[in-house]
Amino acid sequence: MLLEAWRLSLRSEHTRTAYASDMTDWLAFCAQARVDPLRQARRAHVDAWVQQLRTRPVRGGRPPSQATLARRLSTVSSFYRYTVTEGPRLLGAAHYTRLGLLDHNPAATPARPRVSDQPKGRGLDRHEFAALLEAAAAAGHRDAAVTCLLGRNGLRVSSVCTADVDSLGRQGRHRILTYWLKRDRTQQTALSFTTWTAIEGHLYDRDTGAHPEQHQPGQPRPLILSNDGARLDRFQVDRIVKRLARAAGLEQPRTVTPHSLRRAFITHARRAGAEPEHVQDAADHQDPRTTRRYQQADDRFDHSPTYLLEQYLSPYGQPRG
């Protein structure tokens, strides 16, 4: 009951799906360790679970990233925080105590895995960015819509995948999209003519049968579809971006990710003259230092002393003067 109540308290379906996977893993660990997760779980059990996760390969045979470990720990902590706070209200304080349920959050104190403060994903220079967008436009409306939302609007891949057709609208002269953010919040973004045209083209392809759609009555229509007509997921988006990176002739296309496009949006919007606070708002960064880190990470080589030294030295490698 408590698990389902906690799950329903999460407003975003994407969040519910992601958190359900994390909780399933935690509950499986508890079952294997013969620990009652609602009565016997302690910090030592959470630490042991995290250590087990560190050694378990994920997709591609690689160990999980620090960000993945931090998210999983955050999920479990969220569940126990809800249980300790809302459990006595849902079950009655006296009954909750008689059942011997936890009165503390065992996942509250373990140290969170340290996540690098460097932006994720490979950076793209202006020419690579433009080439990737051009390759997407040539590939079709769906791919163009995906890359525009990532690169021209800076959306996270999760926001692209969870966006719905009903979330499109107008506000004055602006075409807008309302989309889901982290922590079950929503935000609106203006859509440029190029992005709107790509989305309209994708919707037209679906309406005319050129791109089949699997839609269940009563369910929201996904804004972007996969090849089989279902809602696009983050892994399919990653494959689309890598395919387009190859088509654009980019070096090391396997290192180009959906976040590379979001990173390019932040970096090149600033270079194009956008105000820092406007880029911060569009990227949904709570701290302006996060936005600056993107700019600094992509500009740091432009000011490398090695280039000044190259100019200082003669063409023959001897100091001038």
Side-chain angles (χ1 to χ4, degrees), residues 12 14 18 65-68 71 115-137 142-163 167 176-183 185-192 194-195 198-199 223-224 232-245 248 250 252-272 274-300:
S12 165
H14 172 77
S65 68
Q66 294 294 88
T68 296
R71 189 206 71 217
V115 180
S116 171
D117 62 359
Q118 290 298 312
K120 296 185 295 183
R122 166 190 160 182
L124 301 174
D125 65 31
R126 181 178 180 180
H127 300 294
E128 290 176 321
F129 189 27
L132 189 54
L133 293 173
E134 289 175 6
R142 192 277 307 275
D143 290 359
V146 168
T147 52
C148 281
L149 290 172
L150 292 170
R152 293 181 184 270
N153 287 80
L155 268 62
R156 295 181 176 91
V157 64
S158 59
S159 296
V160 174
C161 294
T162 55
S167 299
I176 62 171
L177 170 69
T178 304
Y179 60 95
W180 285 101
L181 297 169
K182 292 180 177 180
R183 296 179 292 278
R185 297 172 295 116
T186 59
Q187 180 161 294
Q188 292 181 327
T189 183
L191 301 176
S192 69
T194 302
T195 304
I199 292 173
L223 181 63
I224 309 293
L232 200 65
D233 65 39
R234 62 190 311 114
F235 303 110
Q236 292 165 331
V237 174
D238 186 66
R239 290 195 291 270
I240 289 171
V241 170
K242 285 177 168 52
R243 170 169 52 78
L244 294 174
L250 302 191
Q252 299 179 314
R254 290 179 59 84
T255 65
V256 181
T257 67
H259 200 80
S260 297
L261 283 164
R262 174 172 161 82
R263 176 173 174 173
F265 164 79
I266 295 169
T267 299
H268 296 295
R270 284 288 294 118
R271 290 175 178 171
E275 295 295 332
E277 60 271 23
H278 296 160
V279 177
Q280 179 190 344
D281 290 344
D284 184 43
H285 287 157
Q286 304 303 302
D287 190 328
R289 290 174 296 182
T290 305
T291 310
R292 287 202 301 270
R293 279 199 294 268
Y294 280 83
Q295 184 75 33
Q296 291 165 355
D298 287 333
D299 286 347
R300 68 188 188 278

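Numbers for residues simply follow the sequence, beginning at 1.
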Mind checking the [atom1]-[atom2] spacing from [X] to [Y]? Nearest 0.5 Å is all I need.
X	Y	atom1	atom2	answer
R270	E275	CZ	CD	7.0 Å
T147	R142	OG1	CZ	10.5 Å
I176	Q187	CD1	CD	11.5 Å

Pair K242 + D238: basic N to acidic O under 4.0 Å: yes

Provide the closest heavy-atom pair for [X] versus [Y] in the form atom of the first, atom of the second, distance.
X	Y	value
P253	A245	CB-CB, 3.8 Å
F265	F129	N-CZ, 4.4 Å
E128	D125	N-OD1, 2.7 Å
I224	A145	CD1-CB, 3.8 Å
A131	L250	CB-CD2, 4.4 Å
C161	D233	SG-C, 3.5 Å

Could you tell me whether the side chain of [Y] reaches within less than 4.5 Å of the side chain of [X], counting heavy atoms only?
X	Y	answer
L191	L149	yes
L177	I199	no
H268	R271	yes
R262	L155	no
L133	T194	no
R243	D143	yes

Any residue meeting side chain to side chain donor-acceptor pair (under 3.5 Å) with T189, in chain and number order, not counting sequence neighbours: N153

Partner set under side chain to side chain donor-acceptor pair (under 3.5 Å) for R152, not counting sequence neighbours: none

R156 side chain to V160 backbone, donor-acceptor under 3.5 Å: no

Polar side-chain atom of S159 near backbone of W180 as donor-acceptor pair, under 3.5 Å: yes

Partner of L150 under side-chain contact (heavy atoms from CB on, under 4.5 Å), chosen from T257, I240, V237: V237

